Amino acid sequence: MGWKKWARTRSPWIFHAHCGGCNGCDIEIAAALTPRYDVERIGIVLTNNPRYADIMVVTGIVPKAMVPVIKRVYNQMTDPKGVVAVGACATTGGVFLKDDDNPTYTFGGPVDKAIPVDVYVPGCPPKPEAIIVGIAQCIQKALAKD
Amino acid sequence: MIKMKERRVGALRKLLKVSLTGLKKCVTVDFPFGPPAFVAPIFRGQPEYDEEKCMGCVACSMQCSASAIKYVDEDGKRVLTVYLSRCIYCGRCQLICPQDEAIKLSQNWNLVTDKVDSVVSTITIDLRKCENCGTYFMPDKQVGAIIDRIKEKLEDSALKEQILHDVELASHYCPDCRKKLAIKLNLHTRKYV
Ligand code: SF4
Ligand code: SF4
Ligand code: SF4
């Protein structure tokens, strides 16, 4: 294992992009960061600057107005980078895509239409454990390379 | 003055108690390396079909809040699929199911995937073939369930034998052929009056 890979996989910094969700998923991400689950003990740190981040965690349906923003934020992240889509909204559209041809009028998503997604975490909202599993899979998939 | 002192002692005691709870038991769940935290008994996870009970009536598909349940009729089989990345775990399918929870929300929360349509719950049900024209028109089990329910409702009606005979006869034909063959099979309800 090269030292770069070792360093990357040991401490992935995450950037939380809230894209029009109902806050349910965001609360669960916050729960994953609290002492109960305490992901900082395994090196996962929340950062508010996409330039420092390795993994972007996206929640919500991605409204039309957010599509250019999320693309820009994604381009600001440095390589290698990964994206985790959290929740039914972010993975497929969920309840906001009741009718396939006729979604909610603000609907610009799901996330994988705007940016490439590595790992999907279904649930509405998913359990904090599921989010941790998703981030762990994203580390293996996107960051574990030299 | 005494009150102030009491309050201070109370607050100190509380502070000591809170700061000592950390010594008794570690609150952090050692999750990625150990077992996960508890799952609440009312937790709603992956909806799962019961092979025994489900009759393929697609009521769950019609009621689904997120259109997560899709079905296709192909080669004499009806395949119902719940796309779990779309499901919002509301439990309406379980609530509406006429077969007493043939679809049930389990406790499974770990559905993390890297292919969005790969996490599904499915069930395959045999369809009944029309004896006249050969098209598949209704799940076999649903026909059985309907006849059972009619039997229940009839209880001890005078026309029970006749009605059950007619229903049994009609259940082998698709709706179109039933109309065409109504006279030949003598299915008209006129004879009941
Ligand atoms: S997936 Fe559910 S909980 Fe998460 S943002 Fe969408 S509606 Fe809210
Ligand atoms: S699960 Fe229930 S509602 Fe859905 S098709 Fe089966 S019997 Fe009908
Ligand atoms: S739990 Fe709700 S969203 Fe999920 S399949 Fe059932 S009705 Fe559809």
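Values in this document were obtained by computation on a predicted structure and should not be read as measured data.
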Looking at B:K129, I'd like to know if its NZ atom is crowded, meaning that more than 12 non-hydrogen atoms belonging to other residues, nucleotides or ligands lie closer than 6.0 Å.
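Counting neighbours around NZ of B:K129, 12 or fewer heavy atoms of other residues, nucleotides or ligands fall under 6.0 Å, so no.
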
Part of [X] lying under 4.5 Å from any heavy atom of chain B:
X      : result
A:Q137 : side chain
A:I131 : neither
A:A136 : neither

Side chain, backbone, both or neither of [X] within contact of chain A (heavy atoms, under 4.5 Å):
X      : answer
B:C64  : backbone
B:F33  : side chain
B:L111 : both
B:D30  : both
B:V116 : both
B:F31  : both

Are B:I103 and B:D50 side-chain neighbours, meaning at least one heavy-atom pair lies under 4.5 Å?
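Contact flag for B:I103/B:D50 side chains = no.
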
Could you see if [X] belongs to whatever hydrophobic cluster contains [Y]? Use Ile, Leu, Val, Met, Phe, Trp, Tyr and a side-chain cutoff under 4.5 Å.
X     : Y      : answer
A:V62 : A:F15  : yes
A:L97 : A:V111 : no
B:I69 : B:I123 : yes

[Y] versus [X], side-chain donor and acceptor atoms under 3.5 Å:
X      : Y      : answer
A:D38  : B:T28  : no
B:S118 : B:T113 : yes
A:Y120 : A:D112 : yes

If you tally heavy-atom pairs under 4.5 Å against chain A, which of B:C87, B:A37, B:C90 wins?
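Top option by heavy-atom pairs under 4.5 Å: B:A37.
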
Could you check which of B:A68, B:P32, B:A66 has the highest count of heavy-atom pairs closer than 4.5 Å to chain A?
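With the most close heavy-atom pairs to chain A, the winner is B:A66.
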
For the interface with chain B, which of [options] has the highest count of heavy-atom pairs at distances below 4.5 Å?
options                       : result
A:G134, A:G94, A:G93, A:P126  : A:G94
A:A130, A:P125, A:C138, A:G87 : A:A130
A:K127, A:E129, A:R41         : A:E129

Looking at A:K81 and A:D54, does any basic side-chain N land under 4.0 Å from a carboxylate oxygen?
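The answer is no: the pair does not qualify as a salt bridge.
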
